[in-house]
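All values below come from the heavy atoms of this structure, side chains included, with hydrogens, waters and symmetry mates left out. Each chain gets a letter, A, B and so on, in the order the sequences are listed, and its residues count up from 1.
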Amino acid sequence: MTRLSQYFLPTEKEAPADAEALSHRMMVRAGLIRQVGSGLWSWLPAGWRVHQRISTIVREEMDAIGGQEMLMPVIQPAELWKRSGRYPIEELFKLEDRRGAELVLAMTSEEVVTTHVAQVVRSYRDLPLILYHIQVKARDEPRPRAGVLRTREFMMKDSYSFDRDPEGLQRSYERHIEAYDRIFERTGLRWYRVAGDVGMMGGTGAHEYMAPCAAGENEVALAPGYAANVEVASAQAQAVALPAALEAPAEVHTPGATTIAAVAGQLGLPAGALLKAFPVEVEGRGLVMVVLRGDHRVNELKLGAALRAPWRAASAEEISERIGPPGFIGPVGAELAVLLDDGVAEGGYVVGANRPDMHLQGVQPGRDFRYERVDVRSVEAGDLVGGQPITIEPAIEVANIFQLGTRYSAVTGASYLDEQGAEQPIWMGCYGIGMARIAAAAVEQFADEHGISWPAAIAPFQVHLVALGKPESAERTLADTVYATLCDGGVEVLYDDREAGAGEKFADAELLGAPLRLTVGRKALESGEIEVQLRRGREAQAGVAPADVLARVAELCRVAP
RNA sequence: CGGGGAGUGGCGCAGUCUGGUAGCGCACCCGGCUGGGGGCCGGGCGGUCGCAGGUUCAAAUCCUGUCUCCCCGACCA
């Protein structure tokens, strides 16, 4: 029962001046959210309805795979986080109580949930187990941005799976994939699941759920049958026309040419005919030289994964001392290990000669320098996967799933006794979904110049009922009747019973974006039919007699996007 | 953390350079008209100009400090 004349829905004609992202502008204008501070947002009644509908879908699908909902605190003892090694994370909010005891605001709940499981689970008979909660998360983001897309406080569903062994973890992980696929199918979003970075979580597998949209902070590489975050994507490089290798490398004078562009320009060659040397200092291994095609870029995440150790770019001093003059270094004759990127094909390349103002031409990898193959470059649009060119598009990360392994169970002593009575570590997975990002992604994907256009499954209201005509008029009386019918029929309906002009009411209806708009006015009185319009595409539908309105709405809700 | 920008009624802005009665549009309140795409007329309410200090006869305006917010980048377990 929601009458707009009484409803706290502060719509605005103009968006805040400093709002850039579409979802930020639209959600504020539509009266769904209001800012409290940087990265801190209130959800107003209509916005919270959207949020709740998303939570409900998530909850239903988590329950469907046997997840058990619980609730863990936002404020947690720092001790737990020190034990897990996550206390130094800069994004972790740290605070003290009045006695000076150290506390944190949880960004996720691995520490707490693992503690409970460690205390309770004793036997292999207690596993597997999936626990989850829908709770506030706090993260001291260096830069909150774009409305509710990146905030310092937000609601997240986080679930945790506990299994006896890696095979069990794999099964729990796959169950989550099923649940998440269904969740995103139900939300009506455009989405895809991509291979993700396992990062410092150090697990054995990770996927991210991505919703493509302009405001997205991630980039996803796509090809038929392939989708991966560019952070981890691999693809076959596009071919580049190369001069043949010379019988032996030949020196060429390249005065002042310290960049790929400068060398390519002086020699009249494409950048891809050069090799780029990127010396890095690797912990426990010392200086190594990463070599890529001149037109390729190093992907630092992939490099970190390939090196399997912390690393940093070598300093200019280290380069001068150990290799040669910066800007003119290359793998030939360098006395250090060379890691050659997969993007470098057979051919004769130009490389730095390790002497000032000199390069070498006709260099052939393998013949002229020894190397170890790695895949450390960033993929680019047009690279091939399975013979098909990839495209790269921005996307919002709306969920992620990780196979954690035994990292947290080891530090909290979460173990069980197997059939032989031997103590075994519990294998864990963790799985997150952000409700706010799903809402924002839906706005980003479907809004048009008139406003939001919600997928029916997460719309704040199914029906936006607009009453036109003077108060107390016959059309108002009819609208009241229609409203009562819809409410009695269990339809989620927002009734615009305000004393306002038609234009204002239609504009607000399109801004708020309910999938279905019903209009009761003079035309309805004359024709005996209530007008029906779908928000998506603003398509007028056949009218409906007041007596049939429930059936018609039910029918349209089934076909509405 | 680096770079850029902004704080003036609820929202969007002008005024600041060149110190001198704080303004405009929208919204809001009252009255009337209109009643199918943000309509019209008339009358109103509402602002210590982010905060603190300084200069001055006088500060939204000049100076110093400080807080907050936004955008780009870095970062993003």
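The separation of rC49(B) from rG19(B), taken at their C1' atoms, amounts to 14 Å, rounded to a whole angstrom. Comparing rC33(B) with rU21(B), their P atoms are spaced 42 Å from each other, to the whole Å. Only the C1' atoms considered, rG12(B) is 16 Å distant from rC70(B), to the nearest whole Å. For the C1' atoms, the distance from rU68(B) to rA22(B) is 23 Å, rounded to whole Å. Taking the P atoms as reference points, rA59(B) lies 11 Å from rG20(B), given to the whole Å. Between rA77(B) and rG2(B), the two P atoms lie 22 Å apart (nearest whole Å). Nucleotides rU16(B) and rC62(B) place their P atoms 9 Å apart, quoted to the nearest Å. Nucleotides rG44(B) and rC63(B) are separated by 41 Å at their C1' atoms, to the nearest Å.
Taking only side-chain atoms of Arg152(A), from C-beta outward, the nucleotide of rC69(B), rA77(B), rC11(B) with the closest atom is rC69(B). Relative to the side chain of Ala502(A), the nucleotides rG36(B), rC71(B), rG35(B) differ in distance, and rG36(B) lies closest. Side-chain proximity of Met107(A) to the nucleotides rA77(B), rC75(B), rG36(B) is greatest for rA77(B). Candidate nucleotides rG35(B), rG36(B), rC69(B) were compared by shortest atom distance to the side chain of Pro471(A), and rG35(B) ranks first. Nearest to the side chain of Glu14(A), among rA74(B), rG36(B), rG12(B), sits rG12(B). Set against rG35(B), rG38(B), rA77(B), the side chain of Asp508(A) has rG38(B) as its closest nucleotide.
Close to rC70(B), at under 4.0 Å from its OP1 or OP2, lies a side-chain N or O of Ser38(A). Taking 4.0 angstrom as the limit, Arg86(A) places none of its side-chain polar atoms (N or O) nearer than this to OP1 or OP2 of rA77(B). Between Arg145(A) and rC72(B) there is a side-chain polar atom (N or O) within less than 4.0 angstrom of OP1 or OP2.
Pairing partner, rG73(B): rC1(B), with both Watson-Crick or wobble hydrogen-bond distances short of 3.5 Å. Using the Watson-Crick or G-U wobble rule with both distances under 3.5 Å, rG37(B) pairs with nothing in any strand shown. For rC45(B), there is no paired base (Watson-Crick or G-U wobble, both distances below 3.5 Å).
Neither side chain, Ser527(A) nor Glu529(A), offers a donor N or O lying under 3.5 Å from an acceptor on the other. A side-chain donor from one of Ser453(A) and Arg536(A) sits under 3.5 Å from a side-chain acceptor of the other.
Using a 4.0 Å heavy-atom cutoff across all strands shown, Glu217(A) reaches no nucleic acid atom at all. Note on Arg476(A): nothing from the nucleic acid sits closer than 4.0 angstrom, heavy atoms only. Using a 4.0 Å heavy-atom distance criterion, Ala15(A) is classed as a sugar-phosphate-only contact. The residue Ala524(A) sits close to a base: some heavy atom pair falls under 4.0 Å. Contacts of Gly501(A) with the nucleic acid, taken as non-hydrogen atoms under 4.0 Å apart, are absent. Counting non-hydrogen atoms under 4.0 angstrom, Arg517(A) reaches a base of the nucleic acid. Note on Arg538(A): a base of the nucleic acid sits closer than 4.0 angstrom, heavy atoms only. Residue-level contact check: Pro16(A) touches the backbone only, with heavy atoms under 4.0 Å from sugar-phosphate atoms and none from bases.
The pair Arg34(A)-Glu12(A) meets the salt-bridge criterion, since a charged nitrogen lies less than 4.0 angstrom from a carboxylate oxygen. Between Asp295(A) and Arg377(A), no side-chain nitrogen of the basic residue sits less than 4.0 Å from a carboxylate oxygen of the acidic one, so the salt-bridge criterion is not met.
Here rG38(B) presents its P atom at 16 Å from CD of Glu449(A), a figure rounded to the nearest Å. Between Lys13(A) atom NZ and rC28(B) atom C1' there is a gap of 13 Å when expressed in whole angstrom units. In this structure, the OH atom of Tyr87(A) is 17 Å from the C1' atom of rA77(B), given to the nearest Å. Distance, Glu12(A) CD to rG10(B) C1': 7 Å, rounded to whole Å. With rounding to whole Å, Glu300(A) atom CD is found 16 Å from rG73(B) atom P. The interatomic distance linking Glu141(A) (CD) with rC71(B) (P) rounds to 13 Å, in whole Å. The NZ atom of Lys505(A) sits 13 Å away from the P atom of rG37(B) (whole-angstrom rounding). The CE atom of Met428(A) sits 17 Å away from the P atom of rA77(B) (whole-angstrom rounding).
At a cut-off of 3.5 angstrom, counting only N and O atoms as typed in the model, there is a donor on one side and an acceptor on the other between the side-chain of Arg150(A) and the base of rC76(B). A donor-acceptor contact under 3.5 Å is not formed by the side chain of Arg143(A) with the base of rG4(B). Contact of Glu504(A) with rG37(B) (side chain to base): no donor-acceptor pair of N or O atoms is detected under 3.5 Å. Contact of Glu510(A) with rG37(B) (side chain to base): a donor-acceptor pair of N or O atoms is detected under 3.5 Å.
Counting heavy atoms from C-beta outward, Tyr495(A) and Tyr7(A) have side chains that stay 4.5 Å or more apart. Considering only heavy atoms from C-beta on, Lys157(A) stays 4.5 Å or farther from Glu61(A) through its side chain.
The ring-ring contact (aromatic ring centres under 6.0 Å, His included) test with Tyr431(A) is passed by exactly one of His176(A), His207(A), His133(A): His176(A).
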For Arg83(A) and Thr115(A): C-alpha separation, side-chain torsions, deciding distance, then whether side-chain hydrogen bond (donor to acceptor under 3.5 Å, both in side chains) applies.
CA-CA 11 Å; Arg83(A) 210 180 300 161; Thr115(A) 299; 5.3 Å; no

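Judged by closest nucleotide on RNA chain B, Thr11(A) is the one of Ala19(A) and Thr11(A) placed further toward the 5' end. Sequence order on RNA chain B of the closest nucleotides to Arg437(A) and Trp41(A) puts Trp41(A) first from the 5' end.
The distance from atom NZ of Lys94(A) to atom CG of Leu92(A), rounded to the nearest 0.5 Å, is 4.5 Å.
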